[in-house]
Amino acid sequence: MGLKLYNTLTKAKEDFAPLDPARVRMYVCGPTVYDYAHIGNARPVIVFDVLYRLLRHLYGADRVTYVRNITDVDDKINARAVRDYPGVPPVEAIRELTESTYAQFQKDVADLGNLAPTVTPRATEHIAEMIAIIERLIAGGFAYAAEGHVLFHVPADADYGKLARRSLDDMIAGARVDVAPYKRDAMDFVLWKPSTPDEPGWESPWGRGRPGWHIECSAMAWKHLGETFDIHGGGIDLVFPHHENEIAQSCSAFHTPIMAKVWMHNGFLQVEGEKMSKSLGNFVTIRELLNDWPGEVLRFTMLRTHYRQPIDWTVRGMEESWRTLDDFFAIAADAEPSGLGAGVLEALEDDLNTPRAIAELHGLRQDPAALSASLQLLGFLGESAQSWASRRPAADVDAAAVDALITARLAARKAKDFAASDRIRDELAAMGVLLKDGKDPATGEPITTWEVKR
RNA sequence: GGCCACGUGGCGGAGUGGUUACGCAGCGGAUUGCAAAUCCGCGUACGGGGGUUCGAUUCCCUCCGUGGCCUCCA
């Protein structure tokens with residue numbers, strides 16, 4: 001049936017076809033790295049990783065270019081660097097800070113089962129490209145320099161507001177924008193701003209300064225994907241102003257009608273029914289969750305909700321995911337993958353309908369090979385069934401003692417002393433051990449396995 | 001105030017103008033010495049009120065509720 005994706009630009013699900021049939025190009029806005037990443041940061045990473053895997057499956061692994069940037073210059077980073085690296089020159093200080101927070105982020109997302117993107121550019125390594133775009137914008141009459149700043153002149157872009165669907169009048173009416181004296185229009189936004197000596201700064205035609213937030217993505221997408229490309233993704237909160245401004249910058253600089261063909265946005269995440277915020281004390285980092293839960297449990301929980309829907313992140317949801325994955329791992333982890341489930345692929349091609357894909361997975365339980373292949377397409381089954389089973393927190397259970405009791409119970413059962421047998425089972429239950437009786441398929445002899453109750 | 005999402009059975013969560021989503025939990029059955037595990041089966045839900053229609057959970061209007069954006073934010 002072919003891939004269909006919902007496009008924020010048109011508010012419709014569209015058939016997807018790459019601009020260049022030979023390759024697919026995707027850009028996703030990554031995090032601003034100044035501290036541990038939170039679970040909300042994980043959502044776009046996981047969602048677009050599934051899309052990346054799907055595109056690789058459909059178009060070939062070497063024909064998809066996936067760029068996910070990190071923002072490593074920003075006022076929160078600057079402030080944190082001043083605090084943590086006193087006396088270090090500012091550009092080096094933010095580099096040291098983001099070097100460590102970025103390494104942490106990479107580890108977090110790898111543990112969530114995400115493939116590494118093709119390129120993970122940093123803003124600070126693309127200052128030259130940013131300056132080049134800003135110069136083109138000035139030359140084209142879309143931007144102007146004033147008091148060490150360079151500003152994008154919003155009224156110069158007739159298409160401004162197309163993505164977020166806002167008219168300039170609406171924006172001005174509800175505006176709480178900075179009204180700076182050097183701005184020609186209240187909506188104009190900063191491309192470049194001057195830095196004081198203790199702030200990070202780079203030499204530019206407008207003096208030593210640093211970039212505004214939006215220009216970095218225009219620069220990095222241009223450098224690694226070209227003037228136009230296929231898919232641009234990120235959280236729904238980025239639609240305005242970040243993505244709107246990126247479009248304005250790139251389209252104006254390169255005189256193109258589009259920056260990316262398809263704009264995709266994932267929904268927000270709440271924690272236990274409440275907005276996640278540091279003040280509410282429910283701010284959950286990926287690292288904290290990974291201490292208690294396997295990465296695949298977090299990944300599965302994320303994919304149980306369609307990416308455009310809001311998701312309520314709960315412990316109960318993670319528990320349910322873990323149980324389901326236990327089942328899938330037991331069936332499929334050691335199976336040779338083959339014959340991807342058709343229903344799974346169809347669901348994913350329908351705007352990444354992962355909940356439906358998961359429903360299809362349940363239908364594949366009688367087909368371990370297809371279940372395995374399908375789970376792998378979604379980025380699961382990163383370990384053996386045995387290794388997965390051992391991820392349950394080890395209770396204080398003495399395995400040798402348990403085995404001894406089970407042997408005794410088997411003897412009692414053989415002797416038809418069921419009172420004794422049940423007594424031993426109760427004893428084990430009190431220790432938190434759950435028994436499963438069965439028969440050896442070869443000999444027909446009764447055998448008993450056990451696991452820690454949860 | 002402006003703009004925009006969402007509201008589905010006990011819970012999670014798809015989808016659709018008229019036939020079972022699916023999963024978890026629950027219940028019944030098979031199995032078992034009894035259980036557990038497993039297998040089979042069962043629920044008949046779409047926020048309130050109007051309207052369009054032969055028929056709406058699905059389309060339109062409106063009300064209520066929740067959340068988001070408009071300022072840094074995935």
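Proteins come first, then strands; the chains are lettered A, B, ... in the order of their sequence lines, and each starts at number 1. Atoms considered below: every heavy atom in the structure, side chains included; atoms not considered: hydrogens, waters and symmetry mates.
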(request) Determine whether the aromatic ring centres of Phe328(A) and His362(A) lie less than 6.0 Å apart. (result) yes
(request) Mind checking Leu238(A) for me? I need base, sugar-phosphate or nothing, with any heavy atom below 4.0 Å counting as a touch. (result) sugar-phosphate
(message) What's the closest nucleotide to the side chain of Arg316(A) if the choices are rC11(B), rG13(B), rA21(B)?
(response) rC11(B)
(message) Would you measure the distance from the P atom in rC46(B) across to the matching atom in rA5(B) and give it in whole Å?
(response) 24 Å
(message) Applying the Watson-Crick and G-U wobble criteria at under 3.5 Å, what pairs with rA45(B)? Answer none if nothing qualifies.
(response) none
(request) May I ask which nucleotide in the shown strands pairs with rU52(B), Watson-Crick or G-U wobble, both distances under 3.5 Å? (result) none
(message) With heavy-atom distances below 4.5 Å as the criterion, would you say the side chains of His224(A) and Phe229(A) are in contact?
(response) no
(message) Does Arg308(A) qualify as a cation-pi partner of Tyr6(A), given the criterion of NZ or CZ under 6.0 Å from the six-membered ring centre and within 45 degrees of its axis?
(response) yes
(request) Apply salt bridge (Lys or Arg N to Asp or Glu O under 4.0 Å) to Asp15(A) and Lys4(A), showing your working. (result) CA-CA 4 Å; Asp15(A) 289 319; Lys4(A) 284 182 166 53; 3.1 Å; yes
(message) Can you tell me which nucleotide in rG33(B), rA37(B), rG23(B) comes closest to the side chain of Thr324(A)?
(response) rG23(B)
(message) Among residues 294-305 of chain A, which ones have heavy-atom contacts with RNA chain B below 4.0 Å?
(response) Arg304(A), Thr305(A)
(request) For Glu319(A), answer base if it contacts any base atom (sugar-phosphate contacts may also be present), sugar-phosphate if it contacts only those atoms, and nothing otherwise; contact means non-hydrogen atoms under 4.0 Å. (result) nothing
(message) Any side-chain N or O of Thr32(A) below 4.0 angstrom from OP1/OP2 of rA74(B)?
(response) yes
(request) For rC11(B) versus rA25(B), give the span between their C1' atoms, rounded off to a whole number of Å. (result) 7 Å
(request) State the pairing partner of rC69(B); accept Watson-Crick or G-U wobble contacts with both distances under 3.5 Å, and report none otherwise. (result) rG2(B)
(request) Using a heavy-atom cut-off of under 4.0 Å over every strand shown, decide if Gly317(A) touches base, sugar-phosphate, or nothing. (result) nothing
(request) Choose from rA14(B), rC72(B), rG67(B) the nucleotide whose nearest atom is closest to any side-chain atom of Gln270(A). (result) rG67(B)
(message) In this structure, is the centre-to-centre distance between the rings of His265(A) and His232(A) below 6.0 Å?
(response) no
(message) I'd like to know if Arg425(A) reaches the base of rA35(B) with its side chain such that a donor and an acceptor end up less than 3.5 angstrom apart.
(response) yes
(request) Can you tell me, in whole Å, how much space there is between the C1' of rC6(B) and that of rU58(B)? (result) 15 Å
(message) Any donor-acceptor pair under 3.5 Å linking the side-chain atoms of Tyr160(A) with those of Asn245(A)?
(response) yes
(message) Closest-nucleotide mapping onto RNA chain B: is Gln366(A) or Arg409(A) further toward the 5' terminus? I mean the 5' end.
(response) Arg409(A)
(message) Tell me whether the side-chain N or O atoms of Arg165(A) pair up with the base of rC4(B) as donor and acceptor below 3.5 Å, since no angle test is needed here.
(response) no
(message) Do Arg299(A) and Phe380(A) form a cation-pi contact, if we require the NZ or CZ to be under 6.0 Å from the six-membered ring centre and within 45 degrees of the ring's axis?
(response) yes
(request) Under 4.0 Å between any heavy atoms, over every strand shown, what does Asn353(A) touch: base, sugar-phosphate, or nothing? Just pick one. (result) sugar-phosphate
(message) From C-beta outward on Arg365(A), which listed nucleotide comes closest to its side chain: rC24(B), rA21(B), rA74(B)?
(response) rC24(B)
(request) Go through rG13(B), rG23(B), rG68(B) for me and flag the one nearest to the Lys275(A) side chain. (result) rG68(B)
(message) With the stacking rule set at 5.5 Å and 30°, tell me whether Phe268(A) counts as stacking on rG67(B).
(response) no
(message) What's the gap between rC24(B) and rC34(B) when it is taken at their C1' atoms, as a whole Å value?
(response) 27 Å
(request) Dump the intermediate steps for salt bridge (Lys or Arg N to Asp or Glu O under 4.0 Å) on Arg323(A) and Asp326(A), then the final yes or no. (result) CA-CA 5 Å; Arg323(A) 230 169 289 141; Asp326(A) 279 346; over 6 Å; no
(message) Starting the side chain at C-beta, find the nucleotide from rC22(B), rG33(B), rA74(B) nearest to Arg413(A).
(response) rG33(B)
(request) Tell me what His265(A) touches on the nucleic acid: a base, only sugar-phosphate, or nothing, going by heavy atoms under 4.0 Å. (result) nothing
(message) Between Asp75(A) and Lys193(A), does the salt bridge (Lys or Arg N to Asp or Glu O under 4.0 Å) criterion hold? Intermediate values first, please.
(response) CA-CA 12 Å; Asp75(A) 287 343; Lys193(A) 55 190 169 189; 3.8 Å; yes
(message) Pairing check on rA25(B): which nucleotide meets the Watson-Crick or G-U wobble criteria with it, both distances under 3.5 Å?
(response) none
(request) Scan Lys11(A) against the nucleic acid and name what it touches under 4.0 Å (heavy atoms): base, sugar-phosphate only, or nothing. (result) sugar-phosphate
(message) Between Glu272(A) and Val315(A) (side chain of the first, backbone of the second, donor and acceptor by atom type, cut-off under 3.5 Å), is there such a pair?
(response) yes
(request) May I ask which nucleotide in the shown strands pairs with rG7(B), Watson-Crick or G-U wobble, both distances under 3.5 Å? (result) rC64(B)
(message) Both distances below 3.5 Å, Watson-Crick or wobble geometry, any strand: find the nucleotide opposite rU58(B).
(response) none
(request) Go through rC24(B), rA21(B), rA14(B) for me and flag the one nearest to the Ala359(A) side chain. (result) rA21(B)
(request) Would you mind classifying the nucleic acid contact of Gln309(A) as base, sugar-phosphate or nothing, using non-hydrogen atoms under 4.0 angstrom? (result) sugar-phosphate
(request) Side chain of Asn266(A) only, please: which of rA74(B), rA25(B), rA14(B) is the nearest? (result) rA74(B)
(message) Distance criterion of 3.5 Å, no angle test: do you see the side chain of Asp437(A) paired donor-to-acceptor with the base of rA37(B)?
(response) no
(message) The side chain of Pro241(A) is closest to which nucleotide in this list: rA35(B), rG23(B), rC70(B)?
(response) rC70(B)
(request) Please work out if Leu361(A) contacts a base, only the sugar-phosphate, or nothing of the nucleic acid, heavy-atom cut-off 4.0 Å. (result) nothing
(message) What residues from residues 105-121 of chain A pass a heavy-atom cutoff of under 4.0 Å to RNA chain B?
(response) none
(request) Let me see the working for Asp188(A) and Lys183(A) under salt bridge (Lys or Arg N to Asp or Glu O under 4.0 Å), right down to the final yes or no. (result) CA-CA 7 Å; Asp188(A) 291 354; Lys183(A) 278 193 185 179; over 6 Å; no
(request) Could you measure between the two C1' atoms, the one in rU16(B) and the one in rU44(B), and give it in whole Å? (result) 16 Å
(message) Counting the benzene-type ring for Trp, do His243(A) and His214(A) have ring centres under 6.0 Å apart?
(response) no
(message) Please name the nucleotide paired to rG17(B) by Watson-Crick or G-U wobble geometry with both distances under 3.5 Å, or report none.
(response) none
(message) Given 3.5 Å as the limit, does a donor-acceptor pair link the side chain of Arg210(A) with the main chain of Trp202(A), or not?
(response) no
